[in-house]
There are 2 protein chains.
Amino acid sequence: MSGSTPRRPRRHDPGRRDRLIDAALTVIRERGVAGTTHREIARTADVPLGSMTYHFASLDEVLAEAFTRHAALVARVFDERLSAARDRDAAVEAVISLVSDDLLGSQHDLVLSVELYVAAARNPALRAVTQAWMARSRQALERHFDATTARELDALIEGLVLHSALSTDPMTPGQIRHAIYRYLS
Amino acid sequence: MSGSTPRRPRRHDPGRRDRLIDAALTVIRERGVAGTTHREIARTADVPLGSMTYHFASLDEVLAEAFTRHAALVARVFDERLSAARDRDAAVEAVISLVSDDLLGSQHDLVLSVELYVAAARNPALRAVTQAWMARSRQALERHFDATTARELDALIEGLVLHSALSTDPMTPGQIRHAIYRYLS
DNA sequence: ACATCATACGTACAAGCGTACACATCAAAT
DNA sequence: ATTTGATGTGTACGCTTGTACGTATGATGT
């Protein structure tokens, strides 16, 4: 008999704030920023609504933290891939793999990035997140390319990924490789 | 004395639907898709709220029509610039001017495009609009470049514009030119 | 002059939202 | 054992939203 209602035995769990940020990312991925609400995040993380206002001052704060985490994750992948390359040829291959495997591999995360761009266009706090992220990926590229090339290459990558992700007919790894090689002459 | 309340003498005006779509575009530019509501559009166009539900079945329909119009406007600029070019060199200059002057010139319209991308990621109806638009700009490029080059160049343009628009330190026309020339070897 | 009916208007409503806040709970300090 | 204060919970409020719908209006065909 006893409590058939699934109890919520979760008093005092440290790291709940972290889980909420992860839940927020999940919700943004699935429903977009527009569909991201306190209630939806709480439901996803299986915590009561009140928990949101306890841990965050506002919904904007949640969004900012979620995007910061997303940016950090993507930036880390950039760093790892590029720091493993030991010469320029390897760096070029790393970039191609980055685009083909990491960025285009997970459609979800790409949309997340574009959502961040849009949100940043309206919200100055998020703008800082976007810029820090851009700066970091450019910096990773500068390990192997001069500053101008890094910037242009970064833009090309952005365009290829965006174009690809929104098209019904995404670019194949071979086409990605072709475009990058052509740019790098 | 008489009626200090500004009257609304606007019975029977044909083309109101069109004006509403324009007003919607204005609102999207200024407040983003998230801040676009029936009431805000009505206020901008100076028509009563009821007029919205009379002319459009839903808010999504308004958004779709607004984005379609935006896409058509941008595509037209592409066509005009590129059809005026008579040889490949002129086409390259046209592309550079397109990016530097038309796209980067109006910050607002750029954000509008990115908003469309995001909206398209969630809404299949808008996805069709985005794709038709992409197809058309690629087709304009194909007047002067082979299909592969057109696609890659289109992506590069997208990346340059996006990157530039979101950066505190946008690219100068000179930098745009440099990037495009480098890609086109 | 009159009837008709597409067009336009104002208002109301249910749903969902962010946020506030009083109360419950429990780990740690005394 | 008792106190205390941080942490967690449930509920309620005020607001905005999309949309529906009954009524008003006036151009048009007769």
Side-chain angles (χ1 to χ4, degrees), chain A residues 3-28 30-67 115 119 122-123 125-126, chain B residues 3-28 30-67 115 119 122-123 125-126:
Chain A
S4 62
T5 330
R7 289 280 147 214
R8 207 198 289 275
R10 228 180 264 133
R11 287 267 154 198
H12 278 109
D13 83 282
R16 168 174 293 196
R17 208 187 128 95
D18 267 2
R19 286 197 304 113
L20 288 178
I21 296 173
D22 282 339
L25 268 182
T26 302
V27 174
I28 298 172
E30 287 175 2
R31 321 244 176 184
V33 170
T36 300
T37 66
H38 276 139
R39 285 168 176 82
E40 197 68 35
I41 297 169
R43 207 174 300 134
T44 299
D46 191 35
V47 301
L49 173 60
S51 197
M52 295 301 300
T53 49
Y54 177 73
H55 286 288
F56 304 95
S58 71
L59 187 59
D60 269 354
E61 187 180 314
V62 187
L63 291 178
E65 300 238 19
F67 277 130
E115 295 254 11
R122 312 282 171 195
N123 183 334
L126 293 181
Chain B
S4 61
T5 331
R7 287 281 147 213
R8 206 197 289 278
R10 234 182 259 128
R11 288 268 154 195
H12 279 110
D13 82 284
R16 169 175 292 195
R17 207 186 130 97
D18 267 2
R19 285 196 306 114
L20 288 178
I21 295 173
D22 281 339
L25 266 182
T26 301
V27 174
I28 297 172
E30 286 175 2
R31 320 247 177 183
V33 171
T36 300
T37 67
H38 276 139
R39 286 168 176 82
E40 197 68 35
I41 297 169
R43 207 173 300 135
T44 299
D46 190 35
V47 301
L49 174 60
S51 197
M52 295 301 300
T53 51
Y54 175 73
H55 287 287
F56 304 95
S58 72
L59 187 58
D60 269 354
E61 187 180 314
V62 187
L63 292 177
E65 300 237 20
F67 277 131
E115 295 253 12
R122 313 282 170 195
N123 184 333
L126 293 181

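We name chains A, B, ... by the order of the sequence lines, and we start the count at 1 in each one.
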Check the distance between [N]'s [atom2] and [X]'s [atom1] and give it to me in whole angstrom.
X: Tyr54(A); N: dT9(D); atom1: OH; atom2: P; result: 11 Å
X: Leu49(A); N: dC21(C); atom1: CG; atom2: P; result: 15 Å
X: His55(A); N: dT9(D); atom1: NE2; atom2: C1'; result: 11 Å
X: Met52(B); N: dT7(C); atom1: CE; atom2: C1'; result: 16 Å
X: Arg31(B); N: dT17(D); atom1: CZ; atom2: P; result: 10 Å
X: Glu40(A); N: dG18(C); atom1: CD; atom2: P; result: 10 Å
X: Ile41(B); N: dT19(D); atom1: CD1; atom2: P; result: 11 Å
X: His38(B); N: dC9(C); atom1: NE2; atom2: P; result: 15 Å

Quiz item: Going by modelled atom types, is there a donor-acceptor pair between the base of dG8(D) and the side chain of Arg16(A) at under 3.5 Å?
Solution: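 By the distance-only test, no, there is no pair.
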Quiz item: dG18(D) base to Arg39(B) side chain: any donor-acceptor pair below 3.5 Å?
Solution: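 When only heavy-atom distances are counted, Arg39(B) does reach the base of dG18(D) through a donor-acceptor pair under 3.5 Å.
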Quiz item: Are the side chain of Arg17(A) and the backbone N or O of His55(A) linked by a donor-acceptor pair below 3.5 Å?
Solution: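 Judged by distance alone, yes, a pair lies under 3.5 Å.
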Quiz prompt | Thr44(A) side-chain N/O to Glu40(A) backbone N/O, donor-acceptor pair under 3.5 Å | solution =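 Yes; at least one donor-acceptor contact below 3.5 Å.
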Quiz item: side-chain contact (heavy atoms from CB on, under 4.5 Å) between Ile41(B) and Leu59(B): does it pass, once the steps are laid out?
Solution: CA-CA 10 Å; Ile41(B) 297 169; Leu59(B) 187 58; 4.3 Å; yes
Quiz item: Do you know which of Glu30(A), Glu115(A), Arg31(A) makes side chain to side chain contact (heavy atoms under 4.5 Å, CB included) with Arg122(B)?
Solution: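 The residue from Glu30(A), Glu115(A), Arg31(A) that satisfies side chain to side chain contact (heavy atoms under 4.5 Å, CB included) with Arg122(B) turns out to be Glu115(A).
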Exercise. With the side chain of Thr53(B) defined as its heavy atoms from C-beta on, choose the nearest nucleotide among dT11(C), dC21(D), dT9(D).
Key: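 Ranking dT11(C), dC21(D), dT9(D) by closest atom to the Thr53(B) side chain puts dC21(D) first.
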Quiz item: Start at the 5' end of DNA chain C and walk down; is the nucleotide closest to Gly50(A) or to Thr37(A) reached first?
Solution: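 Its nucleotide being nearer the 5' end, the pick is Thr37(A).
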